[in-house]
Amino acid sequence: MNRYLPIWGRVTFLCLVSAFLLGVVHWGVSYQIHKQEKQIFESLLKGWKQDARLGKDLTLGAERVVTSMRFVKSYIPLRGSEGKTELVMVRLVPGVYVGHYQLLAAYTKEGKLVGYLVEREMVPTVSTYSKPSPELNKVFLEKGRWTYRPIGIDTLQREEIETISGATFTFLSLLEALQEGSSFVKGGGKRP
Amino acid sequence: MSFQEHMLAKNPVFGLGLGILPILALSYRFDTASITGLISLLLVLLGKGTLRMMKDAFPSPILRYVRMMVLTFWIALTEIIIEAYLPQVRDSLGIYLPLLAVNTFLLEAILPVDQVDQNEWCGSLLLGLGYFCTIGFVGAFREILSSGTITLLTLPGWTLKYTILNKPLLPIRFFALPAGGLILYGYLKAGFRWMAIRMSRVRKGEES
């Protein structure tokens with residue numbers, strides 16, 4: 001037992017030093033990471049403004065940060081001419097295998113999904129020449145373009161997603177995030 | 001062992017069959033492949049340097065676990081820096097970026113067998129360079145075959161890309177798929193083996 005104690009101590013020390021160094025480096029570059037995330041969010045908002053079909057007469061309110069939720073990070077109320085909230089824009093961050101991506105979703109006050117916009121194109125293609133299959137077309141997400149789903153994302157079945165090899169987790173996390181956003185808006189901006 | 005032997009007979013990918021996963025998954029484009037090779041080379045050298053510093057602090061049976069830990073630390077550090085400054089590279093490499101720690105561990109594991117202590121650094125450097133050159137070569141070859149282009153560099157909002165194959169030559173998209181990569185790997189392995197055997201025969205002929 002005593003023979004292994006110094007080795008155990010050294011390994012623990014090495015782990016602690018590694019964790020500390022990683023923490024310091026992450027703290028050092030976190031400003032840059034947040035800056036990029038903010039830029040992406042602003043470009044998504046710009047995408048909303050460019051697409052006049054979605055609440056063109058509405059004005060953007062202030063962004064409100066949401067803590068302690070899995071996917072919902074913040075939301076922006078969209079107000080009509082009378083000052084009433086007509087739509088709610090929710091900033092969602094679904095996770096994938098490694099890292100994450102941002103998603104901007106618009107809901108009615110009742111939590112019904114109107115449309116969503118993803119940070120990057122998410123089509124598991126083999127090259128720029130390939131065409132998406134009919135299954136894939138249902139979840140075709142193009143960068144910088146709103147995907148309108150007035151009947152709701154829940155029409156998309158899990159089995160349909162699982163036909164898309166290699167993108168299952170990505171699309172499942174997208175579904176989960178949109179559902180969490182809906183529950184959040186339905187609950188009046190409170191954690192469901 | 002000569003430089004040519006390191007690159008052909010002892011080539012980590014085609015000679016020893018190591019690090020095939022990144023070759024199949026990430027060599028569909030030259031820039032992704034070369035960045036993978038570069039990170040692997042850096043990992044080999046950083047891992048070697050760090051382990052050398054703490055070699056005496058641990059008994060040899062523990063050392064392999066320490067090596068894995070050291071490589072994991074370096075890849076985590078690389079990942080944080082890449083996420084901050086080159087997010088598009090992180091997106092391209094995806095899950096394979098953290099897996100490079102395992103890849104490098106396996107690459108390094110073959111070194112002590114045929115390397116003497118004095119040549120340890122040189123061997124590591126050659127191994128890393130061999131992997132870098134191989135994955136870069138496969139990346140360029142696969143991209144030209146499958147897309148007809150070669151992507152040298154991708155930065156946010158800017159890509160340096162050249163078209164190689166013009167009409168009537170058309171690219172074969174199949175080679176961008178992992179299955180196409182595997183077939184290509186087989187042909188390239190056969191080619192490398194043929195060159196290694198030929199070189200060995202020439203050497204034997206010179207000796208006799």
Side-chain angles (χ1 to χ4, degrees), chain A residues 3-41 43 95-102 118-131 143-144 165-170, chain B residues 25 28-29 50-51 53-54 56-59 61-63 65-67 69-99 142-143 145-149 156-157 161 170-181:
Chain A
R3 213 177 108 209
Y4 294 109
L5 213 59
I7 301 167
W8 172 84
R10 279 178 221 147
V11 171
T12 309
F13 179 71
L14 191 64
C15 288
L16 288 173
V17 170
S18 304
F20 175 74
L21 286 175
L22 287 174
V24 168
V25 174
H26 192 268
W27 174 77
V29 299
S30 59
Y31 167 75
Q32 181 67 23
I33 295 170
H34 289 309
K35 195 178 147 191
Q36 274 174 10
E37 283 175 353
K38 207 177 167 190
Q39 276 174 353
I40 291 165
F41 182 56
S43 73
V96 283
Y97 280 123
V98 182
H100 50 261
Y101 60 93
Q102 287 192 57
V118 282
E119 174 195 330
R120 60 177 108 114
E121 204 166 343
M122 288 203 299
V123 183
T125 52
V126 291
S127 76
T128 48
Y129 301 101
S130 66
K131 284 179 185 169
K143 187 185 173 183
S165 164
T168 312
F169 287 103
T170 309
Chain B
Y28 59 93
R29 239 173 50 198
T50 317
L51 208 72
M53 283 196 293
M54 52 181 71
D56 300 327
F58 297 96
I62 303 286
L63 222 52
Y65 303 105
V66 175
R67 180 189 281 173
M69 204 166 77
V70 164
L71 288 171
T72 313
F73 164 75
W74 282 116
I75 199 70
L77 196 78
T78 314
E79 205 179 346
I80 293 171
I81 294 166
I82 286 179
E83 190 182 355
Y85 297 101
L86 296 163
Q88 72 284 358
V89 172
R90 187 209 58 194
D91 293 342
S92 306
L93 301 185
I95 186 74
Y96 300 102
L97 181 59
L99 283 177
R142 249 179 105 180
E143 193 184 346
L145 269 183
S146 62
S147 311
T149 56
K161 194 175 185 176
L170 287 172
I172 309 159
R173 281 171 295 185
F174 172 69
F175 287 109
L177 290 165

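The chains referred to below are lettered A, B, ... by the order of the sequence lines, with proteins before strands, and numbering in each begins at 1.
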Between His34(A), Lys35(A), Arg10(A), the one whose heavy-atom pairs under 4.5 Å with chain B are most numerous: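 Most heavy-atom pairs within the cutoff with chain B belong to Arg10(A).
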Please state whether the side chain, the backbone, both or neither of Ile80(B) comes within less than 4.5 Å of a heavy atom of chain A.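 Ile80(B) touches chain A through backbone and side-chain heavy atoms alike.
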Below 4.5 Å from any heavy atom of chain A, which atoms of Leu93(B) appear? Answer side chain, backbone, both or neither.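 Neither; nothing under 4.5 Å.
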Non-hydrogen contacts under 4.5 angstrom with chain B: give the residues of residues 11-18 of chain A involved, or none if there are none.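 Val11(A), Leu14(A), Cys15(A), Ser18(A) fall under the 4.5 Å cut-off.
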Sequence neighbours excluded and cut-off under 3.5 Å, please list the side-chain donor-acceptor pairs for residues 19-30 of chain A, or say none.
from, atom 1, to, atom 2, distance (Å)
Ser30(A), OG, Trp27(A), O, 2.9

Compare every heavy atom of Gln36(A) with every heavy atom of Pro87(B), then report the nearest pair and how far apart it is.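 Result for this residue pair: CG-OE1, 3.4 Å.
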